[in-house]
Amino acid sequence: MRLSSIGKCVDQPLILNKLENKMPALLIGAGSLYGIFDTYRSSKNKSDNKKKKIALKNSIIIASTITASLAGAKGVKTKAIKFNVFNKTINIPSKQIIPSLLPSHSLSKILEKQNSSIENFLRTTQKIENQNILRLLNKARNKPLKPAEIEYLTDNLKDSDAKRELFNVILPEQESLNSKAIFSEIGRLSLLGAIPVLGGVMGGIAADKITSTSSKKSTSNKIKEGFYQYFANIFLCNVGACAALFAAEGLQKTGKIKPLSPVKKMLVILTGITATGIIGGSYIANKMSQKIIDPIFNKAEKNKKHKGVYEERRPELVDIALHADDIATAGVLSGFKWIEPALPLMYFVSGYRAGIGYRN
């Protein structure tokens, strides 16, 4: 079985729709489990009162981070309202308050488009005698195809404009992004990563206020960890990916390298992420904290109450694990669509760690 068939399988619009619909439940479930584990770990050997406070704080941070992640991914839209006043019906249409940062794959529109495409293909193509082809085309009207079925259609349908138009709808190829599109994607992904981090920081500060544990140190820790998580684990990695793609595109234009396949493009992106984000991200994030956040909190090393607030954040093994979302970013920029619905889940841990104000 060819890898290209597997790639086309997971990128089918109907598969993307299923992943998109399951993402909120996955995010809530996985986020809650991670929070429960962290609460248990961090409350060991603590008094019952402290355990309750930790559990409450972590619950608030989990809720705020998940809410922010979903708001960024799905957007925020008001519901349509209909009511009667003096025997007159008034309709208030729904309004998009916050636009979605992830593409929406409406099931009804997908089915309508796929059925129309298949009908058009059958109408403009000579009569097909192969019953297996007809069976698979009928299946594709409302169900995703398996890799083996995709391979069968690819190999047995004669190459033609009609076939290419059909496959563009039911089995779309990975997108090849140019420089302008890459820049736009980097901006979108960076914003998508910033929202859960911001939600985590705000939830953490609110949780401290609610549990009467707020202090200058706890607030500064959250803001500094938010800076670290965003710049070291998200933004600078996106910058590295963008720089690597721009460089590769320049070499392609001069004929020094051949056009990159999606897999090779992904390797180029990961190289850029490693050089700019993973290696330099920690240093740059710490420098930004020193220059921006420290002055805001009036650097006071002599005050024992705030000891440790201004110390540098050192990279740890778990931070390296958090770069799994960079693999997802590389996949998106390489044209693999199925990864996009999972991005809010991958950015959740960065938001949560910012919310608890984690420092070494």
Side-chain angles (χ1 to χ4, degrees), residues 7 9-39 41 58-76 98-105 185-204 225-226 228-235 237-238 241 266 269-270 273 277-278 317-356 358:
C9 175
V10 295
D11 270 352
Q12 289 178 92
L14 287 170
I15 295 287
L16 294 179
N17 176 261
K18 285 185 178 181
L19 289 173
E20 184 183 315
N21 289 335
K22 289 179 179 178
M23 188 268 290
L26 286 171
L27 180 58
I28 292 168
S32 299
L33 285 174
Y34 181 86
I36 291 169
F37 166 76
D38 187 69
T39 300
R41 181 185 60 80
N58 287 2
S59 298
I60 294 169
I61 294 165
I62 290 167
S64 65
T65 307
I66 289 175
T67 301
S69 298
L70 291 176
K74 301 287 245 179
V76 176
I98 300 174
S100 172
L101 290 171
L102 291 179
S104 179
H105 303 87
E185 282 293 282
I186 289 294
R188 181 174 69 90
L189 293 174
S190 296
L191 183 57
L192 186 63
I195 291 173
V197 171
L198 183 61
V201 172
M202 293 176 67
E225 184 65 16
Y228 186 91
Q229 290 293 335
Y230 180 66
F231 283 98
N233 291 337
I234 298 172
F235 179 73
C237 292
N238 288 346
M266 189 169 181
I269 293 168
L270 288 173
I273 286 171
I278 297 177
L317 285 175
V318 72
D319 293 308
I320 296 172
L322 285 175
H323 284 285
D325 57 26
D326 300 324
I327 298 173
T329 297
V332 172
L333 295 176
S334 300
F336 298 101
K337 303 177 187 68
W338 66 270
I339 298 174
E340 282 198 277
L343 285 174
L345 181 61
M346 294 186 171
Y347 289 139
F348 167 81
V349 179
S350 288
Y352 175 79
R353 283 168 75 80
I356 62 174
Y358 177 82

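Quick caveat, the model's predicted, so the values are computed rather than measured.
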Measuring from [X]:[atom1] to [Y]:[atom2], what's the distance to the nearest 0.5 Å?
X: Leu345; Y: Ile28; atom1: CG; atom2: CD1; value: 11.0 Å
X: Leu33; Y: Asp38; atom1: CG; atom2: CG; value: 12.5 Å
X: Tyr352; Y: Ser64; atom1: OH; atom2: OG; value: 10.5 Å
X: Asn58; Y: Tyr34; atom1: CG; atom2: OH; value: 10.0 Å
X: Ile60; Y: Thr65; atom1: CD1; atom2: OG1; value: 11.5 Å
X: Leu14; Y: Cys9; atom1: CG; atom2: SG; value: 11.0 Å

Worksheet item: So, does Asn17 use its side chain to make a donor-acceptor pair with the main chain of Pro13 at under 3.5 Å?
Response: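 No: the side chain of Asn17 does not pair with the backbone of Pro13.
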Ignoring hydrogens, what is the shortest heavy-atom contact between [X] and [Y]? Give both atom names and the distance.
X: Ala354; Y: Glu225; result: CA-CG, 3.7 Å
X: Ser69; Y: Leu27; result: CB-CD2, 3.7 Å
X: Leu189; Y: Tyr347; result: O-OH, 3.8 Å
X: Ile62; Y: Gly35; result: CD1-CA, 3.3 Å

Run the side-chain donor-acceptor check on residues 190-202: report pairs under 3.5 Å with partners two or more places apart or on a different chain.
{"from": "Ser190", "atom 1": "OG", "to": "Ile186", "atom 2": "O", "distance (Å)": "2.8"}
{"from": "Ser190", "atom 1": "OG", "to": "Asn238", "atom 2": "ND2", "distance (Å)": "3.0"}

Discussion item. Holding to side chain to side chain contact (heavy atoms under 4.5 Å, CB included), I want the full list of residues that pass it with Leu19, two or more places apart in sequence or in another chain.
Written reply: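 Once residues adjacent in sequence are excluded, the partners of Leu19 under the side chain to side chain contact (heavy atoms under 4.5 Å, CB included) criterion are Ile15, Trp338, Pro341.
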Fill in: Pairwise side-chain contact, Leu70 with Met23, heavy-atom cut-off 4.5 Å (strictly under)
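Yes. Closest side-chain heavy atoms under 4.5 Å.
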Worksheet entry | Qualifying residues under ring-ring contact (aromatic ring centres under 6.0 Å, His included), relative to Phe235, sequence neighbours excluded |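 Per chain and number, Phe235 pairs via ring-ring contact (aromatic ring centres under 6.0 Å, His included) with Tyr230, Phe231.
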